[in-house]
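The structure presented is a predicted model; accordingly, all values stated were derived computationally and were not measured. The first residue in the sequence is number 1, and the count goes up from there.
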Amino acid sequence: MKPSPSSWMGVRALPASPNWYSSRCSDVSSDGRLFGFAARHRICLGCGASPHREPREGELIGHTDRISGFAFCHCPGHGGLCASSSDDGSVRIWDSGTLSPVLEYSLHQNAISALHWSPLVKDLIVTGDEKGVIVCYWHNRNDSQQFFPEPRTVFCLTCSPHHENLVAIGYKDGMVVIIDISRKREVVHRLRGHEDEIHGLAWCPVPGEERLPAWQDELQEEGKVPNGEVTQDTATRKGCYLASGSKDQTIRIWSCTRGRSVMTLKLPPTKRRGGAVDPAVKERIWLTVHWPAGHPSDILSSAFGGELLLWNLTQPGKRKWTLLGSSEGQNHSRIVFNLSSVKHQDRELLFSISMDRDVKCWDLSTLDCSWTMPSLGGFVYSLAFSPVDTGCLAIGVGDSMIRVWNTLSINNIYDVKTFWQSIKSKVTALSWHPTKEGSLAFGTDDGKVGIFDTFAKNKPPQISSTYHKKTVYTLAWGPPTPPLISGEESDQLSVTLYSCAGEGIVFQHNPWKLNGEANDINKVIRDTNSIKHKLPARTEVSWKPDGKLLALGNEDGSIEIFQAPNLKLLCTIQQHHKLINAIRWHHEHGTQPELSYLIASGSINATIYVHNLKSVVENSSENPLTITEPFRTLAGHTAKITSLSWSPHHEGRLVSACYDGTAEVWDVMKEEPLCNYRGHQGRLLSVQWSPVEPDCVYTGADDFSVHKWHISKQEHTRPPQGKKSIELEKKRSIQPKVKAKKKKKPVGKSPGKQDANDAMNGDESMKEMLLEENGVSDHEGEKEAQEAELADKVSVTGNNQIILVHLPKPSVTQKAAPVKKDPPKEKPTPDASLKKRKPRSILPFSTLMDHRSKEELHQDCLRLAAYNEDMSSDLKDCIHLGLFTDRDSLHKMIDMEGKHHLENGHAELFQQLMLWKGDMKGVLQAAAERGQLTDQLVAMAPMVGYQAWVWTVEAFAKQLCFQEQYVKAASHLLSIHKVYEAIELLKVNNFYREAIVMAKARLRPEDPVLKELYTSWAALLEKDGHYSMAAKCYLGASSPYDAVKVLSKKGDVASLKTAAELALISGEEELSATLSLRCAQDLLLSRNWVGAQEVLHSVLFFFPSLLKGQRLVFCLNELLCSCLSERNPCERKSPVPPCYHSWELNREAPFLDMVTQVWQNVLGMDTTEKATCAQEQLGRIEHPPSTSNTHPKQVLFHISHDLALAALSCHLGMWDEAVKSILGAVTRSFDAGNFTLMQEICSIILPEGCDDLRDKLDSTNSQSMDACRSLEGFVAYRQLYNLWWNSPKCETQSDSRTDSVDVADRQSTPKGCQVLLSEEMAALQNTQRDIAEVQETLAEMIRQHQQQRNNVQENTNGDITHDTCSSLDSKEEAKQPVTLPELTKQLLKAKQKLAEFPDNLKVFPFPDVLECCLVLLHLGSQCPPELQEEALALLRKHGGAGVYKKAGRRFLT
């Protein structure tokens, strides 16, 4: 399968386009010498890091279907090996040096979707298929192993560069799995986070996770437990980062040690660069990722519209990306599929392939494009060199684009411009204007003719208003002919454009007025030559370079020569007998003028004829001549001739392109072949001799490529003979297979002989070079369904081949724009000999009887004659003769035919017969009984009558219900005015939307059925969780209250806000206030105080009295949180940034005064009445007590409520209430177990203690004085712990807060703790502890008793029960158990003791006195002796409990 080395000598090519929608179908060798990519079913190899070499390395040919994966071996010493996988299920290993296969294996049962060669194990190749099977193959020992980690479609996979057993796999549904191929339980991690297809995976080139900064986990992933289990070997424990790119437009960095995402990068909405894009093309996304070896902290990725991004993972902030390509035109213009890089000398190069069919090389040190190599996505139908801009080659391709290649460019050997605007079909013909530079005419497969100005960038072409009905075959510029030769335009017209197409017509277009109607030149030919007969269909048009003669090739093989300007017929060449494909006149600038009259022609009969028309022109006669003998015959090709080109450098030298896959150079005068080129892998379609280099020829073929080759370097001189047909079939056998409906092939014609026999069985009605391109359509699918189908496949290509290509010299190619992609839409090649299947006969029995033997037919004639003479004769045995007798006999024949149709299951044919008979009612009844009514029968039912029609429609509706076609059944019921029945049918079957439409359209607005439909549908939607839709239904039913309730069920901020606004509009003020408050509290939890205030303000705007107090609470909460964050910035970090108001604050004033000022200045609480109203509102709200399980933010909000009441009380001078509210805030934080928060509240609200507050209280109010004492106790409690934690003996272990406590504080603080040593409170707390201990013992006894009862019921074995009881008894004995009466007595005694204490002591909480005593004793010398003695006395008296007894042992002994 390897091409001979000589076939590549001196060849420069535009290759076929890389395959699309594959995660890895291109790669570069480890030494940078070769870059390869898959193109259709081949692999193109080219010079990688040395793009200055022109000859390409070659192609790897052998697969029979589209290649889905390609990779080089990157192990040292094996850089010449590469592997490829194909949709044919095979994997091949190649030697890139010899372009030959090393081995092949097929272990997958399904299409292979991903492939990678292990970078650590030199003989390990890992592949994955569409069903999720992973195959590891060690080719040196011919061993394999299969894994099935997930039953999902594999999109991509990559082997770890640091651990030889780890493989990362990306799936279609967004999951990433890491497996260990050395273990039985292979899954190491299941990485979940992406929501759509995984397009690329890349391992960090640096092992370990300590070299890169510790990235913060995302908020939503905090607290997640890693999936899977971590391997225990050293390399895995060291870990490595893995990057993944997904269709969900995100890139994730995963930690392999923790099995979770550590960073998420969202694809930015970058602007398109590098050319315009067809607005009709829907935006696609393919997000591939690549981690270059020389940049461990950088990741490369694709983006929207073909941009490439370099992500700096260590850069702070949101914008971490940099766009590759500093100037316009460097970027790809369509999505990028594959990235690969290599270190070469002192720089790192990046290679990219894209949907725009460009291969680009980038220098990662400068982020600029070094060079661009274009490729082709379809058959090369036409080549044309500009006669003005020497060396400018136009290429017409089947991918709906025109390339203009400057073949003389020095800096860039692939200086190509692309034109795609307004083409939208295969480009089948090209022709340059003979004198106007840059004017290029084109024709397309759909009959369009237009002219491009190749110097006008992105300018759409001029399109002729006259379209051909079929494919445009040829374009030619020539002198004007009537009617353009006369008139106003004749002065400015030197040449006009002629187009010939598949319908056999040649049009003459005025290039100055393409919007005008083109002229059919057959009319001029008829008028000039007085022709009355039918003219042959034209297939080729060619003007002599001097513009004096016109040659027209015809479908019947004849060539007619006309003389300008009136197109007088001079002669007809009757040499070919098949369709003419090519006609070319010899050039005019030779040393032998007589050679300019040579005309070469080729048809589908493989022979080229050359005629000399000099004598015909010079000796013209009145009557046209007929030429039957050629001047020269060039024989040697074995298939149809598709294109011809005369050498502009020689005289009498011609090159031909042929379907036999070769191009031949001829010496016409000697009738000798000089050179044969066999470098293409398909049929040749076009050829052009270089106008600059005498030794160079350009050819285009159906292998999607253009070759430039040298005549002198070819080893063959003649076209291949004999075996070429077999070789051509071999080439075709490796092309993508046509998947189409099977049709019977004509007998006696083998596929192998198809091209060789084209002269005998060719289709003369069209040019056969425009057959479907191997069953693969060039066009990009415009329908959304086709695009979705392509995206769902693991990998789809526009081309179906693998290509290893030669890369061009460094240069930036200016490109115009991309075109639509090529979905592989395979069609069978049309065959004229295939017959259409005949429709089934409606009278099969009668027809069969008329095809009997001759004798039996003669007997029928005799019986008919006898019956006509004597009507009484019997024809019972000849029912088929009813066709020729009376009506009764005909009815019998129809009945018999109908019975036959019913027995064979052809009810529709039976119905047609009964309709012909006139028994329509019987047809309807029979069809209804069998459930075979159709729309056609229902439409015919009115023929029988109105009642029959109504009955038929009802029966059809029942039949449709059995078939679950309820909507159609309802429509039919509606047609007979059964509106309520139709609506009920739709409602019962849950077609509420359709039922409501029908009801609103046909019923009165006040009809209760409509409201019932809305409410029923709303209930169903609410049950399914579709709250927004249910709310709309309730609104439709005029039930706004229900709409509000259902909308608020979801509970998110947006739903609550909408529900509140809806309630406000509906007049439900209280409900709106409640929902607004819920919404504001949710915003508060996300630290969005601005949004919370806006929600509350929206209600206050309409109803100022509602939620006024809540706004004050939210305002105080914001100020309190801000103050807490400023005091401890490190401890209160949150992943969600806070959203504060920009209020002017008086930081010097006390906190409550500052809050009051903000209320007055911002919230308008500037009167006593407003403050009193707000206090009454807040006073009516009671929050539940806080516990250790209460959320910290909820605790802070409740504290804000207490402090807001305190601030209002202070503002109104109600100090007794203020002290209670402050105490409530302090004790709430204490009950929640948040001692730090309690300290901060005390410090913020009472920075100087409680002395000022006590002075303002009414001393006669014992309750307020008791509250103040409790508050003083908590303030002292906070100071006591501050002193203990910052004592000198602990300084070495304490934090920075030690410096804030000076000596004076240390001396004064213990004296302030005197309030904590309360004898009364100690006795009260001791009694409360006794009660709690007795209650706990009692509860334990009840629990053990219940457990014993359960054991007795569950166990029938008495020994087991006895053992259980004895074990419980032993535990009770160790604890010195107490009987139930004793416990009851103790509980009663303790409660009596508790009742003796004054009520004012029990109302307000107080710090634990014994705990404070222990802290004071631990302070040692810092505590005054009198306080120590008092604390010791309290501890001796009340410290009998186990905890305190143990803690105070060192002080009491």
Could you give me the CA-CA distance, side-chain angles and deciding distance for Leu14 and Ile395, then say whether side chain to side chain contact (heavy atoms under 4.5 Å, CB included) is met?
CA-CA 10 Å; Leu14 288 181; Ile395 307 169; 3.4 Å; yes
Residue pair Thr444, Asp446: steps toward the side chain to side chain donor-acceptor pair (under 3.5 Å) verdict:
CA-CA 5 Å; Thr444 67; Asp446 59 1; 2.3 Å; yes
May I have the step-by-step check of side chain to side chain donor-acceptor pair (under 3.5 Å) for Thr626 and Gln574, ending in yes or no?
CA-CA 7 Å; Thr626 300; Gln574 295 285 359; over 6 Å; no
Checking side chain to side chain contact (heavy atoms under 4.5 Å, CB included) for the pair Cys675/Thr717: CA distance, chi angles, key distance, verdict?
CA-CA 4 Å; Cys675 158; Thr717 56; 5.9 Å; no
Decide side chain to side chain contact (heavy atoms under 4.5 Å, CB included) for Glu693 and Lys708; before the verdict, give the C-alpha distance in whole Å, the side-chain angles of both, and the deciding distance to 0.1 Å.
CA-CA 11 Å; Glu693 302 176 74; Lys708 172 191 175 184; 2.9 Å; yes
Evaluate the salt bridge (charged side-chain N to carboxylate O under 4.0 Å, His left out) criterion for residues Arg584 and Glu540: first the C-alpha distance (whole Å), next the side-chain angles of each, then the deciding distance (0.1 Å), finally the verdict.
CA-CA 10 Å; Arg584 294 295 181 270; Glu540 181 72 358; 3.1 Å; yes
Go through the steps to decide whether Leu549 and Trp585 satisfy the test side chain to side chain contact (heavy atoms under 4.5 Å, CB included), and finish with yes or no.
CA-CA 10 Å; Leu549 298 178; Trp585 292 88; 3.8 Å; yes
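Between the side chains of Asp703 and Ser705, at least one donor-acceptor pair of N or O atoms lies under 3.5 Å. In the model, Asn515 has no side-chain atom that pairs as donor or acceptor with a side-chain atom of Ser465 under 3.5 Å. Side chains of Ser712 and Asp695: a donor on one and an acceptor on the other come within 3.5 Å. Neither side chain, Gln575 nor Ser601, offers a donor N or O lying under 3.5 Å from an acceptor on the other.
Contact record, Val427 with Ser400: CG2-C, 4.3 Å, taken as the closest heavy-atom pair. When every heavy atom of Val706 is checked against every heavy atom of Leu383, the shortest pair comes out as CG2-CD2, 4.3 Å. The shortest heavy-atom contact between Trp543 and Ala564 is CZ3-CB, 3.8 Å. The heavy-atom pair separating Leu552 from Phe562 by the smallest distance is CD1-CE1, 3.5 Å. When all heavy atoms of Val380 and Leu685 are compared, the pair lying nearest together is O-CB, 3.3 Å. Residues Leu430 and Gly396 come closest through the heavy atom pair CD1-N, 3.1 Å.
Under the 3.5 Å distance criterion, the side-chain polar atoms of Asp702 are left unmatched by any main-chain donor or acceptor of Tyr659. Looking at Gln508, its side chain does come within 3.5 Å of a backbone N or O of Thr481 through a donor-acceptor pair. Side chain of Gln563 to backbone of Lys568: no donor-acceptor contact under 3.5 angstrom is found. Formation of a donor-acceptor pair under 3.5 Å by the Trp432 side chain with backbone atoms of Ala384 is found in this model. Here the side chain of Trp689 pairs a donor or acceptor atom with the backbone of Pro694 at under 3.5 angstrom. Put simply, the side chain of Ser386 gets close to the backbone of Val388: a donor and an acceptor are under 3.5 Å apart. Counting only distance, with no hydrogens or angles, the side chain of Ser431 and the backbone of Ala441 share no donor-acceptor pair below 3.5 Å. Without hydrogens or angle criteria, Asn612 side chain to Phe631 main chain gives no donor-acceptor distance under 3.5 Å. Proximity of a side-chain donor or acceptor of Arg526 to a complementary backbone N or O of His533 within less than 3.5 Å is detected. For the pair His433 (side chain) and Gly438 (backbone), a donor-acceptor distance under 3.5 Å is absent.
Proximity of Ile641 to Asn581: side-chain heavy atoms (C-beta onward) are nowhere separated by under 4.5 Å. For the pair His611/Ile627, a side-chain contact is recorded, criterion being any heavy-atom separation below 4.5 Å from C-beta on. With a 4.5 Å cut-off on side-chain heavy atoms, Ser603 and Ile580 count as touching. Between Phe419 and Pro461, the closest side-chain pair of non-hydrogen atoms is not below 4.5 Å. Taking 4.5 Å as the limit, some side-chain heavy atom of Thr662 sits within range of a side-chain heavy atom of Arg678. By the 4.5 Å heavy-atom criterion applied to side chains, His637 and Ser656 are counted as neighbours. Counting heavy atoms from C-beta on, the side chains of Thr454 and Asp389 never come closer than 4.5 Å. Between Pro511 and Thr496, the closest side-chain pair of non-hydrogen atoms falls below 4.5 Å.
For Glu672 and Arg632, the salt-bridge test fails: no basic side-chain N is under 4.0 Å from an acidic carboxylate O.
Both cation-pi conditions hold for Lys436 and Trp512: the charged atom is under 6.0 angstrom from the six-membered ring centre and inside a 45 degree cone around its axis.
Between the CG atom in Asn623 and the CG atom in Leu570 there is a gap of 12.0 Å [rounded to 0.5 Å]. Rounding to the nearest 0.5 Å gives a distance of 12.0 Å between OG of Ser499 and OH of Tyr467. Taking CG from Leu613 and NZ from Lys544, the interatomic distance works out to 9.0 Å, rounded to the nearest 0.5 Å. For the atom pair NE2 of His586 and CG of Leu595, the computed distance is 5.0 Å after rounding to the nearest 0.5 Å. To the nearest 0.5 angstrom, His680 atom NE2 is 4.5 Å from His707 atom NE2. Here Ser464 contributes atom OG and Glu517 contributes atom CD; the two are 9.5 Å apart, rounded to the nearest 0.5 Å.
Between Tyr609 and His576, the angle of the ring planes goes over 60°, which puts this pair in the perpendicular group of the 30/60° scheme. Ring geometry, His468 versus His509: the interplanar angle exceeds 60°, so the pair is classed perpendicular (tilted spans 30 to 60°).
Under the 6.0 Å cut-off for aromatic ring centres, Phe385 and Tyr698 qualify, their centroids lying closer than that. Proximity of the aromatic rings of Phe507 and Tyr498 is defined here by a centroid distance below 6.0 angstrom, and this criterion is not met.
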